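So the structure is just underneath, and the comments pick up after that.
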Amino acid sequence: MSDGLENVVAAETVLSDVDGLAGRLVIRGLPLPALAGRVPYEAALALLWDGFFPDLPDDLAPALGAARRDVFDQLAPHLAAAADLPVFDGVRTLVSRMEDGTSLEAALRLVAAPAVAVASLLARRKGLAVRAPDATLGQAADILRMANGAVTDEQALGLDSYLVAVIDHGLNASTFAARVVASTQAGLGSSVLAALGALKGPLHGGAPGPVLDMLDAIGTPGNAASWIAAELTRGERLMGFGHRIYRVRDPRADALNAAIGRLRASGAVDAARMDLAATVETTALAALARHKPDRPLQTNVEFYTALLLEALGFPRDSFTAVFAAGRVGGWIAHAREQAASGRLIRPKSRYIGPVPREAA
Ligand code: COA
């Protein structure tokens, strides 16, 4: 028995490899720095899906753009009801309206759905007109245009870098959930819904903006050292640091930091916020090294995710839904891989309940 299935290998995959000691994430043979900030989400998707759909075109952008438009037409009448729910639940509810198929078309609609849903729900909440997708734009640019009413090239590149950086990450909890469902030969929609459920939890993708809560609580760079020391003395964990697998810096943190740097150069970020974050990061790393000298605790992906998504105008309660809009590509690739080659996933449990009494 391995609690949490730690160190259990439950699948063979050609999709991605997480090396926690080297701090390396490889996606289909390419290290993350070769992808994030360099290729659009559609290209990363085509790379992941290569070999898993017989009719995969070289350029997925036009088909994904068309899928966004179809999905919008299908979802528009249901936006008002979903808007009454917390953002993530609203997105999950809207995604559940997608067809539960296995075709490339069904897969593209499932990738389009979280993007269209979160962007439309955010626009509604801001009191903006809900805009139909623009099929000629890339997925990242279109999400921002729909959510905020306008988008710059730098912002689109920033979100594209994020969506690519989180597209796949080994057998994490939501991806495993997707594979379990796919192993029953249910459709891709069922796999994606299971994965959304797993992603929501605060131990996976669902700690909504805790890094920003920490920055708000610290307030100014001068308060960082005393606030962090007090927090550690109280036995609290610093948000945005530490990881179950990485013992060195999370490579996705660097990819996102580079995206923030590009945005900053274009003047699109709050410089004071970034200076505060930089001081908090350095102070926290030094404090953690003193606090847990035997445990390498480094900056994780959440720290820079929070900064980047905030700079792009996303409210903190939508971060998990934006994460889903990127990770959905990985879920679908894993579901296809599992359904094609995997057996039904059906582990055993060890019974520790009362011994049955003999029948009288
Ligand atoms: N701040 C302070 N102490 C931390 C810490 C953090 N961010 N992360 C781990 N530690 C400490 C733990 O308290 C524990 O101390 P103990 O041995 O005295 O109990 C020790 O380091 C090992 O912690 P453990 O929970 O076993 O590490 P893990 O690698 O299994 O946990 C996380 C990984 C992500 C759950 C953990 O680092 C964490 O809670 N981080 C903060 C939340 C966060 O950023 N989440 C987003 C993750 S991407």
Side-chain angles (χ1 to χ4, degrees), residues 23 32-33 36-37 122 144 147-148 152 154-162 165-166 202-203 205-244 246-320 322-323:
L32 184 65
L122 291 179
L144 286 164
N148 297 341
T152 65
E154 290 81 13
Q155 290 169 333
L157 179 58
L159 183 59
D160 227 348
S161 306
Y162 172 75
V166 301
L203 296 189
V211 173
L212 297 184
D213 296 341
M214 174 178 71
L215 294 182
D216 289 348
I218 293 174
T220 60
N223 287 340
S226 57
W227 190 93
I228 286 168
E231 205 71 359
L232 291 177
T233 306
R234 281 215 315 273
E236 297 292 338
R237 293 182 176 205
L238 300 179
M239 292 297 118
F241 300 91
H243 195 272
R244 172 57 61 85
Y246 291 117
R247 291 291 160 257
V248 294
R249 197 172 160 86
D250 184 331
R252 297 169 300 173
D254 284 332
L256 301 188
N257 194 19
I260 293 168
R262 284 189 293 269
L263 267 184
R264 190 170 183 166
S266 76
V269 295
D270 177 348
R273 185 69 148 173
M274 293 302 154
D275 290 342
L276 172 63
T279 304
V280 167
E281 184 182 12
T282 335
T283 312
L285 289 175
L288 286 167
R290 285 193 301 274
H291 181 68
K292 292 269 165 224
D294 301 332
R295 181 83 175 181
L297 294 170
Q298 299 292 327
T299 315
N300 66 41
V301 69
E302 298 294 336
F303 192 82
Y304 289 106
T305 293
L307 296 173
L308 178 60
L309 295 187
E310 182 183 54
L312 292 172
F314 290 104
R316 60 190 79 175
D317 65 348
S318 71
F319 289 177
T320 314
V322 180
F323 186 175

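On a predicted model such as this, the values are computed, not experimentally measured, just so you know. What's counted below: heavy atoms across the whole structure, side chains too, no hydrogens, waters or symmetry copies.
Each ring-ring contact (aromatic ring centres under 6.0 Å, His included) pair with one or both residues in residues 267-287, not counting sequence neighbours, would appear here, but there are none.
Evaluation of the side-chain contact (heavy atoms from CB on, under 4.5 Å) rule for Arg290 yields Ala286, Ala287 as partners, not counting sequence neighbours.
When every heavy atom of Leu157 is checked against every heavy atom of Arg262, the shortest pair comes out as CD2-NE, 3.5 Å. Closest of all the heavy-atom pairs between Leu312 and Gln155 is CD2-O, 3.6 Å. When all heavy atoms of Ser318 and Pro315 are compared, the pair lying nearest together is OG-O, 2.8 Å. Nearest heavy-atom pair, Pro296 versus Arg247, reported as atom, atom and distance to 0.1 Å: CB-O, 3.3 Å. Of all heavy-atom pairs between Ser161 and Ala36, the closest is O-CB, 4.0 Å.
Side-chain contact between Met239 and Asp213 is absent, with no heavy-atom pair separated by less than 4.5 Å.
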TODO: Show your working on side-chain contact (heavy atoms from CB on, under 4.5 Å) between Tyr304 and Leu307 and close with a plain yes or no.
DONE: CA-CA 5 Å; Tyr304 289 106; Leu307 296 173; 4.1 Å; yes

Task: Audit row: Asp250, Gln298, side-chain contact (heavy atoms from CB on, under 4.5 Å) steps and yes/no - done: CA-CA 8 Å; Asp250 184 331; Gln298 299 292 327; over 6 Å; no

- [ ] Step by step, work out the side-chain contact (heavy atoms from CB on, under 4.5 Å) result for Asn300 and Tyr246.
- [x] CA-CA 8 Å; Asn300 66 41; Tyr246 291 117; over 6 Å; no

Task: side-chain contact (heavy atoms from CB on, under 4.5 Å) assessment of Glu281 paired with Val211 - done: CA-CA 11 Å; Glu281 184 182 12; Val211 173; over 6 Å; no

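Aromatic ring pairs are classed by plane angle as parallel below 30°, tilted from 30° to 60° and perpendicular above 60°; the pair Phe241 and Phe303 is tilted.
Put simply, the side chain of Asp270 never gets that close to the backbone of Glu310: no donor and acceptor are under 3.5 Å apart.
Arg252 CZ to Glu302 CD: the interatomic distance, rounded to the nearest 0.5 Å, is 8.0 Å. Between atom CG of residue Leu308 and atom CG of residue Leu263 there is a gap of 6.0 Å, rounded to the nearest 0.5 Å.
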Which side-chain N or O atoms in residues 219-232 pair as donor and acceptor under 3.5 Å with protein atoms at least two apart or in another chain?
residue: Thr220; atom: OG1; partner: Asn223; partner atom: ND2; Å: 3.4
residue: Asn223; atom: ND2; partner: Ile218; partner atom: O; Å: 3.0
residue: Ser226; atom: OG; partner: Asn223; partner atom: O; Å: 3.2
residue: Glu231; atom: OE1; partner: Arg234; partner atom: NH2; Å: 3.1

